[in-house]
Number of protein chains: 2
Amino acid sequence: MSPRRVTLADVAKAAGVSRPTASLVLSGRGRELRISEDVAQRVLRAADELQYRPNIVSVGLRTGTSRTIGFVSDTVATSRLAGDMIKGALEAARDRGFMLFIGETEGDAELERLLLQAMHDRQVDGLILASMFTRTIKVPKSVKPMPTVLLNALPKQPAALPAVLPDEVEAGRVAARALLDAGHRDGIHLIGAGPRMRDVPPGSVAAVERLVGIREALGEADVKVAGGRICPDWQPEHGLAATRELLRTVRPRALICLNDRIAMGAYQALDDAGLKVPDDVSVVSFDDHPIASWIRPKLTTVALPHYELGRKAVDVLFTEIDGDPAASDRKGDVHRVPMPLRARESVAPPQDAARSGAGSS
Amino acid sequence: MSPRRVTLADVAKAAGVSRPTASLVLSGRGRELRISEDVAQRVLRAADELQYRPNIVSVGLRTGTSRTIGFVSDTVATSRLAGDMIKGALEAARDRGFMLFIGETEGDAELERLLLQAMHDRQVDGLILASMFTRTIKVPKSVKPMPTVLLNALPKQPAALPAVLPDEVEAGRVAARALLDAGHRDGIHLIGAGPRMRDVPPGSVAAVERLVGIREALGEADVKVAGGRICPDWQPEHGLAATRELLRTVRPRALICLNDRIAMGAYQALDDAGLKVPDDVSVVSFDDHPIASWIRPKLTTVALPHYELGRKAVDVLFTEIDGDPAASDRKGDVHRVPMPLRARESVAPPQDAARSGAGSS
DNA sequence: TCTCGTTGCTAAATCGGGTTAGCGGCGGAT
DNA sequence: ATCCGCCGCTAACCCGATTTAGCAACGAGA
């Protein structure tokens, strides 16, 4: 049906040389192997005229490579995270002429095994094991022979695999500083976790690390967390409930919500209580979910750098693939990607402080 | 480094037969070609014991296939759409032992060309050309020789390519009926497009089709649209502005928002005006964006069936790949995937109708 | 004139599997 | 005993590239 692909043999014939000669010229080893300039030019011209493109499958068979990397995640669809992470990985891979296989395991070990097998069967050159929320994962044995990078995940057993993660501790500091810089010193409450380090939803790495950063920055400024409410699940309804409960007893000056969905619930509770954001209560949050710029006032939040995480994972993977031996002692490296503050409209100086002019625009 | 892959030759040796014999047995053509039961069993056992898996790259070289399909979209990350669509495609492909290459063009024709080339180089067996919002697209010439399906898109020139799209017209009917069934007859306003057919954002297929369905269902019930506001862009702020403007002159009984982001803006405008959803004003919408079940009251909306769209596209693609000749006369088929109503909390009988008991729970 | 060394290219093997043609061996018919 | 034909398997080639080993042709030195 389709006009048959142009093969190396066609190019060789057109240039009047043998197939290996054409191969040598096109792979750039012509000079080194003393192919004459004249022949090289003929081959190059023929390849150009015939629009020759090497068949990657064939090269793959010979060399054992595929110019392809596998991106395996537990869930692709659940969160917006996935999209941008994949986009970043996609573009970084494309820059190097690589394609991406996508697969998802849905947390099912058997599915994961099958998927890794399928990727192995297709001779992927490397693997990215991604998690949609930061957590520790058990690294399947089957990845051993392949260059692999963990994305948004840490190995359960200290395996010699590099990991790429958002810098959640620094994000906690950034969120706290956003309030401090606005002049807040009192009445800062946490929604979603805290105030103590042990008040975190089980298994949530992000909660722990954000909390560490928050407490650290606040502590440096000699500011005490006024209180905190743990949410078992970081969904709007839990943020609503926790904030509502908080408001029964105290009137906070500022809220650090542990993510945007919680913040959305908090907004509702504050609105129900007749409290205005940011005039009565400032709110900062984490994630930069699309919702953050939709709700009024727009939410100031510390963004998960999904796109950069994806890119970084590919970058790290390529240092593995290119097999720089000097890199082998950095095998288990953890790469932290900065989480930038998206300063929007939900933070203002506290009302009394505003009077004394301590606020910033 | 890694223990070399088990090849067919290894299996043949272990079973004490030649390579072709092993190949015949494993490909199931053993019976047909009179391989003895004894030999067949030996081969099967050896393959099992050695955990033999055929190298797909090798098979690909010989047969020209790769058990892989390419999923090319204009943008992966921008909307949640992508994630579920990809998930559906992924699972449908996996059911058949196929993998997915993901690529995005960002609307750039040159990037698209490169991407299709890269997929072609890897001998993908078929192509899905997806758009993140329903629209007509120019089909690149380079896809001609390959089985191809358009997803969420229609060919600009009536090409002989099947397309998979959400059934937006029926969705319009469903949304309208949700209000009719609740007893609404008057004061139904449109936000985002309408009331006339020409009041639609340029280039939006969804707007046109939804409007057709809405007007049709309303017309059948002899109900007139009370009014409508076009939004140039379907974002919350435009929904807010349009609804606010509407409320300056009239007091609607029900709103049909052309999508959930607009509905979110409408919620805010209604809240600002002191109107309660659904008691004062019922709201229905389209898309079933995650936001729809986060806002209070939960939004009744007609869902974009992203997951099913992805699955369906792969299903249709496989009828192309399997090349059922009977299917060749259905080449240009447009497959419509139903959009289900997610009945939640934003629709109630109109207040006067409620008194007469015409409402449903 | 013969040998040795370059130079410039190609024959042949290889990757891992699929496919076709055909080769020995055995049994039945003549 | 001889021939035919079927059974059961294998030799050999193919896909499209890369890579190693080595072959001609030519010039220079002995």
Side-chain angles (χ1 to χ4, degrees), chain A residues 2-44 46-47 50-68 97 120-125, chain B residues 2-44 46-47 50-67 97 120-123 125:
Chain A
S2 69
R4 200 180 50 79
R5 256 189 98 91
V6 175
T7 73
L8 185 60
D10 298 328
V11 174
K13 181 139 57 103
V17 297
S18 73
R19 202 150 40 95
T21 304
S23 173
L24 291 175
V25 171
L26 292 173
S27 64
R29 311 206 316 145
R31 191 60 38 86
E32 158 193 357
L33 283 171
R34 308 172 313 225
I35 303 291
S36 67
E37 193 56 29
D38 170 47
V39 166
Q41 286 307 322
R42 287 209 320 268
V43 170
L44 256 15
L50 295 174
Q51 300 216 54
Y52 168 71
R53 314 207 79 230
N55 181 328
I56 295 193
V57 175
S58 170
V59 176
L61 179 57
R62 188 71 233 271
T63 64
T65 65
S66 57
R67 303 190 70 72
T68 297
H120 195 215
D121 290 348
R122 287 169 177 77
Q123 299 195 154
V124 296
D125 299 321
Chain B
S2 70
R4 200 180 50 79
R5 258 190 96 93
V6 175
T7 73
L8 185 59
D10 298 329
V11 173
K13 182 138 57 101
V17 298
S18 72
R19 202 151 40 93
T21 304
S23 172
L24 291 174
V25 170
L26 292 173
S27 62
R29 310 206 317 146
R31 190 61 38 86
E32 160 193 354
L33 283 171
R34 309 171 312 226
I35 303 290
S36 68
E37 192 57 28
D38 172 47
V39 167
Q41 285 306 323
R42 285 208 322 267
V43 170
L44 256 14
L50 296 174
Q51 302 217 55
Y52 168 70
R53 316 208 77 230
N55 181 328
I56 295 193
V57 175
S58 169
V59 177
L61 181 57
R62 185 73 232 271
T63 64
T65 65
S66 58
R67 303 189 71 72
H120 194 212
D121 290 347
R122 287 169 176 78
Q123 299 196 157
D125 298 322

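Within every chain, numbering begins at 1; the chains are lettered A, B, ... in the order of the sequence lines, protein sequences first and strands thereafter.
- The residue among A/Leu24 and B/Arg29 whose nearest nucleotide of DNA chain C lies closer to the 5′ end is A/Leu24.
- At least one side-chain heavy atom of A/Asp125 sits under 4.5 Å from a side-chain heavy atom of A/Ser66.
- Here C/dT7 presents its P atom at 18 Å from CG of A/Asp38, a figure rounded to the nearest Å.
- Taking only side-chain atoms of A/Pro20, from C-beta outward, the nucleotide of D/dA11, C/dG17, C/dA11 with the closest atom is C/dA11.
- Rounded to whole Å, atom C1' of C/dT6 lies 15 Å from atom CD1 of A/Ile35.
- As judged by a 4.0 angstrom heavy-atom cut-off over every strand, A/Ser36 is placed among residues touching the sugar-phosphate backbone only.
- Phosphate contact (OP1/OP2 of C/dG18, side-chain N/O of B/Ser58, threshold under 4.0 Å): absent.
- For the pair A/Val43 and A/Val11, the minimum side-chain heavy-atom distance is below 4.5 Å.
- Among the protein residues, A/Val39 comes within range of the sugar-phosphate backbone only, with heavy atoms under 4.0 Å from sugar or phosphate atoms but none that close to a base.
- When distances run from any side-chain atom of B/Arg62 to the nucleotides D/dA17, D/dC15, D/dT10, the shortest one goes to D/dC15.
- Nearest nucleotide to the side chain of A/Asn55, out of D/dG16, D/dC9, C/dG16: D/dG16.
- Closest approach to the B/Thr21 side chain among D/dT19, D/dT10, C/dG18 is made by D/dT10 (side chain taken as heavy atoms from C-beta onward).
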Check against side chain to side chain contact (heavy atoms under 4.5 Å, CB included), B/Asp121 and A/Val57: CA-CA 7 Å; B/Asp121 290 347; A/Val57 175; over 6 Å; no

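- At a cut-off of 3.5 angstrom, counting only N and O atoms as typed in the model, there is no donor on one side facing an acceptor on the other between the side-chain of B/Arg34 and the base of D/dC7.
- Contact annotation: A/Tyr52 does not reach the phosphate of D/dG16 (side-chain N/O to OP1 or OP2, under 4.0 Å).
- Side-chain contact check for B/Gln51 versus B/Val6: every heavy-atom pair is 4.5 Å or farther apart.
- Residues A/Glu37 and A/Arg31 meet the side-chain proximity criterion, which asks for heavy atoms closer than 4.5 Å.
- For A/Ser18, counting side-chain heavy atoms from C-beta on, the closest listed nucleotide (C/dT10, D/dG16, C/dG17) is C/dT10.
- Going from atom CZ of A/Arg19 over to atom C1' of C/dA13 covers 11 Å, rounded to whole Å.
- Summarising the geometry, the separation between CZ on A/Arg31 and C1' on C/dC9 is reported as 16 Å, rounded to the nearest angstrom.
- Heavy atoms of B/Pro54 sit under 4.0 angstrom from primed sugar atoms or phosphate atoms, though from no base atom.
- Taking atom CG of A/Leu61 as the reference point, atom P of C/dA13 lies 17 Å away to the nearest angstrom.
- Between B/Ile56 atom CD1 and C/dG17 atom P there is a gap of 11 Å when expressed in whole angstrom units.
- A 4.5 Å side-chain heavy-atom check between A/Val25 and A/Val17 finds every atom pair outside the cut-off.
- The separation between B/Leu33 atom CG and D/dC6 atom C1' is 14 Å, rounded to whole Å.
- Contacts of B/Leu8 with the nucleic acid, taken as non-hydrogen atoms under 4.0 Å apart, involve only primed sugar atoms and P, OP1 or OP2.
- Atom pair A/Asp121:CG and C/dG17:C1' shows a separation of 13 Å (rounding to whole Å applied).
- For B/Arg5 and C/dG16, a side-chain-to-base donor-acceptor distance below 3.5 Å is absent, hydrogens and geometry of angles not being considered.
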